[in-house]
Amino acid sequence: MGSAKEKTNAPYSSVKLVPLPPKIHFMENSSIRVRFAPSPTGPLHIGGVRTALYNYLFAKKSGGSFILRIEDTDQNRFVAGAEEYIVEAFNWCGIEFDESVTKGGEFGPYRQSERKEMYSEYADMLIQSGNAYYAFDTPEELNNIRKQLEAEKKTFTYDAVQRTLLKNSLTLAASEVEELLEADTPFVIRFKMPADQIIVMEDEIRGRVEVNTNVLDDKILFKSDGMPTYHLANVVDDHLMKISHVIRGEEWLPSLPLHVSLYNAFGWDKPKFAHLPLLLKPDGKGKLSKRDGDRLGFPVFPLQWTDPVTGEVSRGYREDGYFPEAFINMMALLGWNPGDEREFFSLAELVEAFSIDKVGKSGSRFDQEKAKWFNHHYLVEKSNDELVSLFLDVLKEKNVDPGQKDLNYIVGLVKERVNFVSELWEQSSFFFEAPSEYDPQTVKKRWKTDSFDQMKELKIMLGEVQDFTSENTEKVVKAWIEENEYGMGTIMNAFRLLIVGEAKGPHLFDIIEVIGKEDTLDRINCGLQVLGKKEAN
RNA sequence: GCACCGUUCGUCUAGCCAGGUCAGGACGCCAGGUUUUCAUCCUGGUAACACGGGUUCAAAUCCCGUACGGUGUACCA
C-alpha cells in the first residue's frame, strides 16, 4: 500500500531494529484466507458486521476463503443464543462463509472452546524457548500493587522491570516452580516481552507503525482457568488456519506489537494486517454503542435481539424494515469508497469494486437519513410483485381485506412515496377504506364556499358515467370543469379531500378507478354530509 | 498518565502517496420548476481543507509542532 506514511521517530541509540519479515507473495489467489472472529457475548454490533463485510469482500474479490471463527475463550461472558444470532445475521445479509462452525472445513474446529487442548501446547513451546514464563501472582496481589502505585501516581505494568520483583518462574528457583506446579497452584503464563526493541509493523491501511517494546507489558497468554487469552488464541489459530490477512477493528491496533512479537517468538510467518477505522456515534464523541441506538432511535444491530437474562429487546435493521441489500450497501460505504461517484452496489458489485486501499483511516458516523435514502432506493427498485407479498403481511396485521383490488397496481402507484414497506399503508389506506375523518388543515384550505354545490354536481355527473376508468373519468370531469369555468385546483382539491380525507396520494382519477364508482359516490355523499356547506364570511 | 491511531461541507466522502483543480460528488437542508394535493422527479443554492510554523515560484497535498478527538493500557474480546 503506497500511502504508508513514513514516520521518522527520534532515533533510539541503544536499540536494535527488528527487521521486517520477508514479504509474503501470493502466487495464486486461493491462498488468500481471511477470518471474522467474533466473541459470542451478545448480539453482533453493526461495526462487527462491517468488519465481516470487508473481510468477505476482500476474500471474494481475490477468490480466497472467508472463515467464521467463534472466539469463546472467556467462559464468564458466554451468552446463550449469541452464536446463533451471529450466524443468522450473516445469513440475512447474504454473506456466506466458506468455513465456519456450522459449515465445517478442513481447519476446524472453528470454535475456540473446542480447540482448548492445543493452546497449552503452544504456550509450553514459548516457555521452552524462553519467550514466556509462569506467573503465580494472584489477581488480588496484583490489584494491591496497582492501587499502591496509583496512590503514588505511578502506573503499574507487568513489564521487564516489575517481573523481576514478582512471583514467577523468572524470579523463583526452578525447584520452587516445580513444587508450585505440582501442588496445582493456580498460575498464568505471561509473554516475556523483549526489552529495548523497536517493533516495526506494516498496516495495510495505516502504513508503517513502530513501537518500542519498553512501553509494552508482559501480557497474559494463558489464564489460570486453562483457557488461552485472545492474544494467544488468535495468533495460534490464524497460523494454524493459514490466515493470510487479518482485517479487524482499530481497537486491536495497540495489541498488534504483542501479536507481531508472538509470531516472531514462534518463528512463524506473519499474516498481513489491516486495522479498520471505527464506527462513531452520530452525535457527540466516541464509538457507536448499544445505548446510542436506543437514545437516537435507530438500530445498532442487524437483527432484533432479546437479552436472555433481562428480557430487554434491542431493535434490528431487519425488524425496522431495512432490506438487507440497502443495509449492506450503506455499511460498505461507511469507511470505504469505490474511488468514483457510484453509490449503489449489490453485494456482487461490491466484491468487484472493493479494494483495501480505498478504506479510509478515520472513523465514520452513521447517518440515519442516508440509510433511509438507500432503503427507499432499493424499495423503488423492487418489483411490484415482491412488494405486494410484503405488503400483504402489513394488510393482514391491520386486518384489512384487499378484496378484488389490484394490489400490484396500487403498490406501483405509491411506492415512490415511501422508504419502508411498513409506510405503504399510510400512503394507500384510502384505496381500502373511506376516510373516517377529514384533515382539518386540508378542510380549512380546500373546502370553499362553493365546494358543497360543486361536489354535489360532480356526484350527479359521475353517477352517469358508465366507463369508470381513470382515463375516462378524467376526461369527463375536466370537460365539465372547463364547461362551467370552474378552477381546476379548486375542484380537484375539494374532490381529493372527499375521497382521501386529506391532501395526499397519487393521481386522483387512478384512485377512484380502483375504489370504483359506487364507493366514489358514497365517499362524496358522506363528505357532503359531514362537511356541509361552508358559509361565506 | 503512558502508547498508538486519526482530523476535508451538519453527515458519508473524492482529491493527499507521484504539490499547480473555481476543493468534486452524495445525503440532509433551502429555493425554483413540474403537478389537482402530498411525495417523487428536474434545476439551482447552502456549506469544509482543525490551528501554527517550515520547505517551495506554488501546500488540502511534503516536514515539524500544537490543539482536539479516538482506541488501548483486564486472568474481556
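Excluded from the calculations below are hydrogen atoms, water molecules and symmetry mates; all remaining heavy atoms, backbone and side chain alike, are included. Numbers restart at 1 for each chain; the letters A, B, ... are given by sequence-line order, proteins then strands.
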Using a strict 4.0 Å threshold on nitrogen-to-oxygen distance, state whether A:R206 and A:E250 make a salt bridge.
-> yes
Which part of the nucleic acid, if any, lies within reach of A:T229 when heavy atoms closer than 4.0 Å are counted: base, sugar-phosphate only, or nothing?
-> sugar-phosphate
N/O donor-acceptor pair, side chain A:R496 with base B:U36, under 3.5 angstrom | yes
Looking at B:U37, B:G1, B:U71, which one has an atom nearest to any side-chain atom of A:T155?
-> B:G1
Output the single nucleotide from B:A77, B:U36, B:U73 whose closest atom is nearest the side chain of A:M492.
-> B:U36
Report which part of the nucleic acid A:N143 touches: base, sugar-phosphate, or nothing (heavy-atom distance under 4.0 Å, all strands).
-> nothing
Could you give the CG-to-P distance, from A:L279 to B:G70, as a whole number of Å?
-> 15 Å
Take atom C1' in B:U46 and the same atom in B:C64, then report the distance between them in whole Å.
-> 36 Å
For the side chain of A:D74, starting at C-beta, report the closest nucleotide among B:G15, B:C4, B:A77.
-> B:A77
Could you tell me whether A:D292 and A:K290 make a salt bridge, using a distance below 4.0 angstrom between a side-chain N and a carboxylate O?
-> no
Between A:K358 and B:G15, does any side-chain N or O lie under 4.0 Å from OP1 or OP2?
-> yes
Using a 4.0 Å heavy-atom cut-off across all strands, classify A:S362 as base, sugar-phosphate, or nothing.
-> sugar-phosphate
Can you tell me the Watson-Crick or wobble partner of B:A77, both distances under 3.5 angstrom?
-> none
Salt bridge check: are A:K270 and A:E202 linked by an N-O gap of less than 4.0 Å?
-> no
Using the C1' atoms only, state how far B:A60 lies from B:C9, rounded to an integer number of Å.
-> 14 Å
Is there a Watson-Crick or G-U wobble partner for B:G44 with both distances under 3.5 Å, and which nucleotide is it?
-> B:C30
Selection from B:A77, B:C27, B:U36 that lies nearest to any side-chain heavy atom of A:L508 | B:U36
Rounded distance in Å between the P positions of B:A23 and B:A47 | 13 Å
Using a cut-off of strictly less than 4.0 Å, decide whether A:S364 has a side-chain nitrogen or oxygen near OP1 or OP2 of B:U11.
-> no
Expressed in angstrom and rounded to an integer, what is the separation of A:I220 atom CD1 from B:A74 atom C1'?
-> 8 Å
Among B:G25, B:U71, B:A74, the one nearest any side-chain atom of A:L278 is B:U71
Figure out the CG/P separation between A:L379 and B:A39, and round it to whole Å.
-> 18 Å
Assign A:K372 to base, sugar-phosphate, or nothing according to its heavy-atom contacts below 4.0 angstrom with the strands shown.
-> nothing
So what does A:G335 touch, heavy atoms closer than 4.0 Å: a base, only the sugar-phosphate, or nothing?
-> sugar-phosphate
Which whole number of Å gives the distance between the P atom of B:A48 and that of B:G6?
-> 25 Å
In whole angstroms, the gap separating P of B:U11 from CH2 of A:W373 amounts to 18 Å
Between C1' of B:C4 and CZ of A:R206, the distance in whole Å | 10 Å
Choose from B:G72, B:U36, B:A77 the nucleotide whose nearest atom is closest to any side-chain atom of A:Y230.
-> B:A77
Of all the choices, B:A14, B:A77, B:U36, which nucleotide is nearest to the side chain of A:F509 once you look at every atom?
-> B:U36
Backbone N/O of A:Y322 and side chain of A:D320: donor-acceptor pair under 3.5 Å | no
Taking 4.0 angstrom as the limit, do A:E343 and A:K370 come out as a salt bridge?
-> yes
Determine, for A:D340 against A:R342, whether the closest basic-nitrogen to carboxylate-oxygen distance falls under 4.0 angstrom.
-> yes
Atom-to-atom span, CD1 of A:I145 to P of B:C75 - whole angstrom = 12 Å
Distance between the P atoms of B:U66 and B:G72, in whole angstroms?
-> 24 Å
Test: A:R111 and A:E83 ion pair at under 4.0 Å = yes
Salt bridge flag under 4.0 Å for residues A:K147 and A:E150 = no
In the structure shown, which nucleotide is the Watson-Crick or G-U wobble counterpart of B:C9, with both distances under 3.5 Å?
-> none
For nucleotides B:G20 and B:G15, find the distance between their P atoms and express it as a whole number of Å.
-> 13 Å
So which nucleotide does B:G72 pair with, by the Watson-Crick or G-U wobble rule with both distances under 3.5 Å?
-> B:C2
Sorted by position of nearest nucleotide on RNA chain B, 5' first, the leading residue of A:Q427 and A:Q112 is A:Q427
Which base sits across from B:A50 as a Watson-Crick or G-U pair, both distances under 3.5 Å?
-> B:U66
ring-ring contact (aromatic ring centres under 6.0 Å, His included) between A:Y85 and A:W305: does it pass, once the steps are laid out?
-> CA-CA 8 Å; A:Y85 177 99; A:W305 165 263; 5.4 Å; yes
From NZ of A:K361 across to P of B:G70 the rounded distance in Å is 20 Å
Side-chain atoms of A:D367 come closest, of B:G10, B:C4, B:U40, to B:G10
Write down the distance separating the C1' atoms in B:C63 and B:C17, rounded off to the nearest Å.
-> 15 Å
Could you tell me whether A:T41 contacts a base, only the sugar-phosphate backbone, or nothing, with contacts defined as non-hydrogen atoms closer than 4.0 Å?
-> nothing
Does A:K223 put a side-chain nitrogen or oxygen below 4.0 Å from OP1 or OP2 of B:C76?
-> yes
A:W336 vs A:P228, nearer the 5' end of RNA chain B by closest nucleotide = A:W336
Minimum-distance nucleotide to A:K370 side chain [options: B:A26, B:C5, B:C75] | B:A26
Taking the C1' atom of each, how far is B:U7 from B:U43, in whole Å?
-> 35 Å
Is A:V188 touching bases, backbone alone, or none of the nucleic acid, heavy atoms closer than 4.0 Å?
-> base
Take the protein atom CD of A:E210 and the nucleotide atom P of B:A3, then report the distance between them rounded to whole Å.
-> 15 Å
Counting side-chain heavy atoms from C-beta on, which of B:G25, B:C27, B:U13 comes nearest to A:N337?
-> B:U13
Base, sugar-phosphate, or nothing: which does A:P506 touch, judged by heavy atoms less than 4.0 Å apart?
-> base
